[in-house]
**Student:** 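First the structure, then my questions, so here it is.
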Amino acid sequence: MTGETLIQVEHLYRDYGNLHALQDINLTLNRGEVLGFLGPNGAGKSTTMQIISGNLAPTSGHVSINGHDLIDQPLQAKAALGYLPEQPPLYKELTVYEYLAYCAQLNRIPRHKAVAAIDRACQRCGLVDVRKRLIGNLSKGYQQRVGIAQAIIHTPDIVILDEPTVGLDPIQIIEIRALIRELGTDHSVILSTHILPEVQSTCDRVVIINQGQIALEDSLAGLDARLHQGGYQVALANPPGTSDLETFTGISKAEPIDDTRFMLQCEDDFNPAAFTETAVQRGWQLTELVPLNRSLEQVFIDITCNDSPQAGTAA
Amino acid sequence: MMVLSIALREFRNMLNSLLSWIVLSGLSLIIFLILVALVKAYLENPASSLESPGVTSTIVATIFYFSAYLFILIAPMLTMRSFSTEFKNGTSQLLFSAPVSMTEIVLGKCLGLYLFTLLIGILPVLITLSLVFGTDLDNGLYLSSLLGFILVTFTFMTIGVFASALTDHIGIAALGGLGIILVLFWLVELVASLVKVEFLANALQYLSISGHAAPFYNGQVNSNDVVFFILTITTFIVLTIRRLDSYRLQH
């Protein structure tokens, strides 16, 4: 049943003394959705996740999980939740199997179903071969997987992952991302990260948070659209002046790069096909027309930098 | 059920820890030496008449008395990691985000540590029972001394758990536990003897752990004393739960 709201966060504030870590955070998470939670270091990502997982009390505001208020009905709310903190909460002196068995008990999985649950979690996280080994002896990547296995062992409706790919090697990152994508099919996932391609490869919807405030909330498609508001790089063997170029519909600015190449900053109504035709008609001798996509990084920097004066006055 | 799972985890944790075994071996050595010294002293000056104290009172009660008071040092060492390391390693987040209440967490932790305390308690029990081969023991006095040992050690362990929930630094947790135990065990009695106001002196006197423990080693089980220990243990359990609730507010 998609569309059902699983997490509802309303007007969340959190102060650390005089520091306003979170200001008026509103969030929703729907069933079957992977929500990317982006922000620079210290933006309040982890704080928000700690509050949603019940590890931190908000200064004010309201979190309801699966219809249960986190403060009034904590047990029901937490039963629907699997949480992987920034630092996986592992008992290093236990074996993977012992640890997951304990997690199964903590999450009130009945004894007769526990073995099946542990097996399933091990399989999904690729832990079958290491289940008898001590967690402390595993590599960082495997420890991270044990952390994820712990979060999904009771097949919760919601899985919260706080920077799950930090410190992993590229192959492990790809595997973990695939796992997150797979989790997204039958769980709802909140994923916090400051690695932008991770969002592009895994998420349906993106929330960007900066200085404790939500700076942008958009679907990945909407974010993609923002990425294409870049411009074009053209090479003309017989170029006109920059002012001639700027008269063309949709070109706001033309900057020469060298004798033959220009950087065009474009509006939405720029039509590359019409531009090519014009170039041919006027004999500009078009040799290149390369669309410049703004990277997600640029969008991110634009958003986080543009908002900072406003956030600064609020803080 | 949940309390039991957490208790067993904590108990196994203690069994996995080197410190526990060092404490156990140290304690068995100390108790054995005390036994040898007491038996030697008793043999040199045995009970001359029916009124003079017998073997159970001079040796068994003394050993339980000493063992319990060794827990002034042992209890903070055994309990210092119970919450501190969970905070430090972030594993507390596993407990806090699981569908488990703070009460269940604290009761589970305490129960696990009580189980381990009973395991340690087997040492003085076995060592004193070895006297059975040479003499008869006073069963009533034996059991009341054992009860005194259990109540005192459980109280110290609970205080240690509370101290451990105050900080993520095990050293501070151990020192804090030791401090609270010393204040309740000994300092209140000292202050009570100095206070001139009778009402206040009595109140302070009532708080003293050593004052409530002494009758058990004379074979007296007073409901007053039993209730005192149960109340003290309950108080520190409740304080620990409150502390964990507020932990989410401040860190």
Side-chain angles (χ1 to χ4, degrees), chain A residues 14-17 46-47 49-59 65 68 70-71 73-94 98-99 101-111 114 134-136 147 150-151 153-154 156 158-160 162, chain B residues 1-21 78 80-109 111-112 116 164-165 168 170 241-251:
Chain A
R14 167 76 203 193
D15 300 338
Y16 293 103
S46 293
T47 305
M49 300 204 146
Q50 283 177 338
I51 290 177
I52 297 176
S53 66
N55 277 283
L56 197 64
T59 306
I65 292 167
H68 300 289
L70 192 57
I71 290 165
Q73 298 172 298
L75 298 191
Q76 290 92 325
K78 285 176 185 175
L81 201 79
Y83 175 49
L84 171 67
E86 221 168 335
Q87 190 191 3
L90 305 174
Y91 294 101
K92 305 238 157 101
E93 68 277 13
L94 300 186
E98 284 170 338
Y99 173 72
Y102 182 50
C103 296
Q105 289 176 352
L106 284 180
N107 285 297
R108 299 182 194 272
I109 298 176
R111 205 163 282 263
L134 289 177
I135 292 175
Q150 161 273 126
I153 190 159
H154 52 304
I158 304 149
V159 182
I160 300 179
D162 197 349
Chain B
M1 175 61 209
M2 187 62 69
V3 173
L4 214 61
S5 303
I6 297 174
L8 284 178
R9 175 75 270 133
E10 189 69 20
F11 181 67
R12 290 202 191 112
N13 224 2
M14 296 306 293
L15 292 184
N16 282 339
S17 129
L18 179 64
L19 184 72
S20 314
W21 294 101
L78 292 179
M80 64 183 179
R81 297 181 314 157
S82 61
F83 280 107
S84 299
T85 41
E86 300 248 12
F87 291 148
K88 189 154 204 142
N89 297 339
T91 45
S92 54
Q93 300 182 83
L94 182 72
L95 296 171
F96 293 166
S97 55
V100 187
S101 69
M102 292 295 176
T103 313
E104 285 171 320
I105 295 173
V106 175
L107 287 180
K109 286 268 177 194
L111 192 64
F116 190 72
S164 171
D168 61 1
I170 53 171
I241 296 170
R242 304 272 312 169
R243 163 64 197 156
L244 289 187
D245 275 329
S246 68
Y247 181 77
R248 293 186 294 176
L249 283 173
Q250 32 169 277
H251 79 133

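None of the values given here were measured: they were computed from a predicted structure. Every chain is numbered from 1 and lettered A, B, ... according to where its sequence line falls, protein lines coming before strand lines.
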**Student:** Checking heavy atoms, do the side chain of A:Leu84, its backbone, both or neither come under 4.5 Å from chain B?
**Tutor:**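 No part of A:Leu84 comes within 4.5 Å of chain B.
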
**Student:** Using modelled atom types and a 3.5 Å cut-off, is there a donor and acceptor pairing between side-chain atoms of A:Arg108 and backbone atoms of B:Pro99?
**Tutor:**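 Checked: pair present.
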
**Student:** Where do A:Pro89 and B:Leu94 come nearest, in terms of heavy atoms and distance?
**Tutor:**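 In terms of heavy atoms, the two residues are closest at CB-CB, 3.9 Å.
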
**Student:** Look at B:Glu104, B:Arg12, B:Gln93 and state which one has the largest set of heavy-atom pairs under 4.5 Å with chain A.
**Tutor:**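 Of B:Glu104, B:Arg12, B:Gln93, B:Gln93 has the most heavy-atom pairs under 4.5 Å with chain A.
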
**Student:** Heavy-atom pairs under 4.5 Å with chain B - which of A:Ala80, A:Pro74, A:Ala79, A:Cys103 has more of them than the others?
**Tutor:**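 The answer is A:Ala79.
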
**Student:** Using a cut-off of under 4.5 Å on heavy-atom pairs, state which of B:Asn89, B:Thr85, B:Asp245, B:Leu8 scores highest against chain A.
**Tutor:**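 Going by pairs under 4.5 Å, I would pick B:Asn89.
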
**Student:** Which value, rounded to the nearest 0.5 Å, describes the distance between B:Phe87 atom CZ and B:Ile170 atom CD1?
**Tutor:**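 Answer rounded to 0.5 Å: 14.0 Å.
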
**Student:** Would you find a donor on one side and an acceptor on the other, under 3.5 Å apart, between the side chain of A:His154 and the backbone of A:Leu81?
**Tutor:**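 The answer is yes, because a donor-acceptor pair under 3.5 Å joins these two groups.
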
**Student:** Need one label for B:Ser92: side chain, backbone, both or neither, based on atoms under 4.5 Å from any heavy atom in chain A.
**Tutor:**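 Contact with chain A involves the backbone of B:Ser92 alone.
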
**Student:** Would the distance check show the side chain of A:Ser53 and the main-chain N or O of B:Ser97 forming a donor-acceptor pair, the cut-off being under 3.5 Å?
**Tutor:**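 Flag not set: sc A:Ser53 to bb B:Ser97 has no pair under 3.5 Å.
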
**Student:** With no hydrogens and no angle check, is any side-chain donor or acceptor of B:Lys109 less than 3.5 Å from a backbone partner on B:Ser82?
**Tutor:**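 A pair under 3.5 Å: yes.
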
**Student:** So which part of A:Gln150 gets closer than 4.5 Å to some heavy atom of chain B, the side chain, the backbone, both or neither?
**Tutor:**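 Interface part for A:Gln150: side chain.
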
**Student:** At a heavy-atom separation under 4.5 Å, does B:Ile105 approach chain A through its side chain, its backbone, both, or neither?
**Tutor:**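 B:Ile105 has no heavy atom closer than 4.5 Å to chain A.
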
**Student:** Quick check for you: among A:Gln87, A:Lys92, A:Glu86, which has the greatest number of heavy-atom pairs under 4.5 Å with chain B?
**Tutor:**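 Heavy-atom pairs under 4.5 Å are most numerous for A:Gln87.
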
**Student:** Measuring from A:Leu94:CG to A:Ile135:CD1, what's the distance to the nearest 0.5 Å?
**Tutor:**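 Rounded to the nearest 0.5 Å, the CG-CD1 separation comes out at 6.0 Å.
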
**Student:** Given the options A:Pro58, A:Pro156, A:Gly17, A:Ala57, which has more heavy-atom pairs under 4.5 Å with chain B than any of the others?
**Tutor:**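 Answer, by heavy-atom pair count under 4.5 Å with chain B: A:Ala57.
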
**Student:** Using non-hydrogen atoms and a 4.5 Å limit, figure out which bit of A:Leu106 sits close to chain B: side chain, backbone, both or neither.
**Tutor:**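 When you check distances to chain B, atoms from both the backbone and side chain of A:Leu106 fall under 4.5 Å.
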
**Student:** Using only atom types and a distance under 3.5 Å, with no angle test, would you say the side chain of A:Lys78 pairs donor to acceptor with the backbone of B:Phe96?
**Tutor:**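 Here the side-chain-to-backbone pair exists.
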
**Student:** Measuring heavy-atom distances to chain A, does B:Asn13 have an atom under 4.5 Å in its side chain, in its backbone, in both, or in neither?
**Tutor:**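 Contact with chain A: side chain only.
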
**Student:** Which answer fits A:Tyr91, side chain, backbone, both or neither, if we ask what part of it has an atom under 4.5 Å from a heavy atom of chain B?
**Tutor:**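 Both backbone and side chain.
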
